[in-house]
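Residue numbers start at 1 and run along the sequence shown.
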Amino acid sequence: MKLATCAQIREAETRAIDAGVSAYTLMETAASGIADAIIQQTDARNEEIFCIAYIGKGNNAGDALSVLRRLMAHGWNVHIRAAYSAEDMEGLCQLQWEKFHDAEASTLTMELDVTAEPTLLRRKLADIPRMPIVILDGLLGSGIDGPLKPAIAELVQEINELRRTCSNATVWAIDIPTGVHPDTGEIGENAVQADYTAAIGCIKPGLIADTATSHVGRLIPVPLNDLDIQPEYSDEVIDSPMLSRLLVRRPYELYKNKAGRVAVIAGSIGMLGAAQLCTEAALRAGAGLVVLYCLPEAYPLLAARVSPEIMVKQVQTYKNIDEDDAQALLIGPGLGQLDNANQLALHALVSCFDGTVVLDADGINLAAERSWRFEKNHILTPHPGEMRRLLPSAGINTPRKELVNSFLYNHDATLVLKGARTIIGQRRQGMLYNSTGGPSMAKGGQGDVLAGICAGLAAQGMMPRDAAALAVYLCGRASELAVSRGCSGHERALTAGDTLRHLGAAMQSTADLCY
């Protein structure tokens, strides 16, 4: 999904309305997409779910009411916390208020007075026996201007307090979290801290600003096909429709030697797991053949440990590696410190390799130390610490987008700067921001899985930027599925192995949305 400012979106809405599309139709379309996303992301194993919509009096509140009506029709227990009386509501918001009550919303299983004290609200919610609680932020949308009014600020504080004290509560911001500036990402004195933000029509630039990440949470793009948005930005947020051209069906006569070969140089004493994770990830990403090269001291341990489908080859020195048949070369996970001869051997190997080279972990550290030149067929996957080694002159607080641009000024490679909103950059191409994943992935080994998937996809013929985009999206989606399906039970318990085991499910869920 493209990025566009609020002004550009309003212009698109005006053109659509002039062409005969009603504002009500746009609101209903958006609400349908948001409701579907909420239902999909909420634990389906629970028979009962309780939802509270916090609303103001404008279009953002109208969106929330329309979403709430759909959730109620889906069988959810729903309620409203309103900042203003019904008489103060404007235009479409008042219409949605009337439609909500026409849908017999009075049959709620739990009554919460809109004037109830927050302590009373928390007490009543605490009586819900582990029922998931979904909180909708429909207080303010893109029209935010200046400090929040007291009535809004009070409910923002209540939302954040409920999120903090109720472990089973999840906050969904509609279009943008209240208190976050949509174009700049500036955080006001009071701002909603959302777990999910359903961005309508386009992604506002403020949603991907570093300052806003902890308030925006997981980005859910909600397209509006009736809007002809003409953004000035070339940057995009990765979503399933973008990936549709990459997840094509395989020809029936495909065989392993035509499905791509990945050569991996990884693993050392004490870091064997990194080699295990990245090689299996390359295989699960669809590569037909994966071969792991290692030095003699690590060979007997790795040969006994990695998946039986992986070929393990011992070499006395990396100078002995000859991989003319491979389409992708992955260097770095768990590689450890190398002597000068092996460092020179890897540089020579990378320099003459015609396929895609993926550098991760110690591969990046080696390249930074030796000041390698990175070419168009290279993918680098640094975390923030490794990024500082690539750009030692950059300041600690330099915005992440600036870091990517600074690197691309001197190199043609595809850069994958990992983080809460992983950024993919390539020279003369717009930035790509990942929308999947979350804090559950803050665990060792996740980067090894990502590097392996990048290599596995590249070996199948994907261009480096495409392989990187699909890989980061699938990793994040796999982690989400692992948590939601109970494999880890809780976001804190997720492991890189859980992500790897759910890669196939992530591919399927993404393909289901693409085909």
Side-chain angles (χ1 to χ4, degrees), residues 13 21-44 46-114 116 121 125 128 131-142 152 155 159 162 169-178 192 194-201 220-226:
E13 289 173 343
V21 180
S22 70
Y24 175 77
T25 297
L26 292 174
M27 180 175 285
E28 288 290 280
T29 302
S32 179
I34 295 170
D36 288 345
I38 293 173
I39 291 168
Q40 179 187 6
Q41 292 289 339
T42 305
D43 195 341
N46 289 274
E47 296 180 358
E48 291 187 291
I49 301 174
F50 186 72
C51 182
I52 314 171
Y54 285 76
I55 63 171
K57 58 182 179 181
N59 283 348
N60 196 248
D63 291 328
L65 287 166
S66 185
V67 170
L68 202 65
R69 180 159 42 87
R70 286 167 167 77
L71 296 178
M72 182 177 62
H74 196 69
W76 289 23
N77 301 307
V78 300
H79 198 75
I80 299 169
R81 294 278 284 166
Y84 304 99
S85 65
E87 292 75 21
D88 293 326
M89 293 178 182
E90 303 164 353
L92 288 176
C93 178
Q94 192 169 71
L95 175 61
Q96 294 288 5
W97 176 268
E98 293 168 358
K99 288 182 69 67
F100 177 79
H101 286 281
D102 287 345
E104 298 182 353
S106 59
T107 60
L108 303 176
T109 60
M110 179 177 295
E111 291 294 336
L112 296 175
D113 192 283
V114 294
L121 176 62
L125 290 178
I128 302 175
M131 180 191 297
I133 300 169
V134 173
I135 299 172
L136 298 184
D137 168 24
L139 292 169
L140 288 177
S142 58
I152 298 292
L155 289 184
I159 290 173
L162 286 174
T170 304
V171 177
W172 281 74
I174 293 179
D175 205 27
I176 192 155
T178 297
V192 166
D195 299 289
Y196 296 87
T197 295
I200 301 172
I220 305 286
V222 179
L224 286 180
N225 295 330
D226 289 322

Going from [atom1] on [X] to [atom2] on [Y], what distance comes out if it is rounded to the nearest 0.5 angstrom?
| X | Y | atom1 | atom2 | answer |
| --- | --- | --- | --- | --- |
| Thr42 | Trp172 | OG1 | CH2 | 6.5 Å |
| Tyr54 | Asp137 | OH | CG | 10.5 Å |
| Trp97 | Asp102 | CH2 | CG | 12.0 Å |

Passing candidate, side-chain hydrogen bond (donor to acceptor under 3.5 Å, both in side chains) with Arg69, options His101, Gln96, His74: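 Looking at His101, Gln96, His74, the match for Arg69 under the side-chain hydrogen bond (donor to acceptor under 3.5 Å, both in side chains) is Gln96.
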
Side-chain contact test, heavy atoms from C-beta onward, threshold under 4.5 Å: evaluate it for [X] versus [Y] and give yes or no.
| X | Y | value |
| --- | --- | --- |
| Met27 | Asn59 | yes |
| Ile39 | Ile49 | no |
| Ile159 | Leu139 | yes |

Heavy-atom pair with the smallest gap, counting every atom of [X] and [Y]:
| X | Y | answer |
| --- | --- | --- |
| Pro177 | Ala194 | CG-CB, 4.4 Å |
| Cys93 | Lys57 | CB-O, 3.4 Å |
| Leu26 | Leu224 | O-CD2, 3.8 Å |
| Ile200 | Asp175 | N-OD1, 3.0 Å |
| Ala83 | Ile152 | CB-CD1, 3.8 Å |
| Ile220 | Ala37 | CG2-CB, 3.7 Å |

Donor-acceptor pair, distance only, cut-off 3.5 Å: does the side chain of [X] make one with the backbone of [Y]?
| X | Y | result |
| --- | --- | --- |
| Asp195 | Val171 | yes |
| Thr178 | Leu140 | yes |
| Asn60 | Ile174 | yes |
| Thr29 | Thr25 | yes |

Can Ser85 and Asp88 be counted as having a side-chain donor-acceptor contact under 3.5 angstrom?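 A pair is found: one side chain offers a donor N or O, the other an acceptor, under 3.5 Å apart.
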
Derivation of the side chain to side chain contact (heavy atoms under 4.5 Å, CB included) call for Ile38 and Arg70: CA-CA 11 Å; Ile38 293 173; Arg70 286 167 167 77; over 6 Å; no

With Asp226 via salt bridge (charged side-chain N to carboxylate O under 4.0 Å, His left out) - residues at least two apart: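 Scan of Asp226 (salt bridge (charged side-chain N to carboxylate O under 4.0 Å, His left out), adjacent residues dropped) gives none.
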
With sequence neighbours excluded, what pairs up with Ile176 under the side-chain contact (heavy atoms from CB on, under 4.5 Å) test?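 Scan of Ile176 (side-chain contact (heavy atoms from CB on, under 4.5 Å), adjacent residues dropped) gives Val180, Pro182, Leu207.
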
Return the set of residues passing side-chain contact (heavy atoms from CB on, under 4.5 Å) with Cys51 (not counting sequence neighbours), or none when no residue passes.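 side-chain contact (heavy atoms from CB on, under 4.5 Å) list for Cys51, sorted by chain: Leu68, Leu71, Trp76, Val78, Val134, Leu136.
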
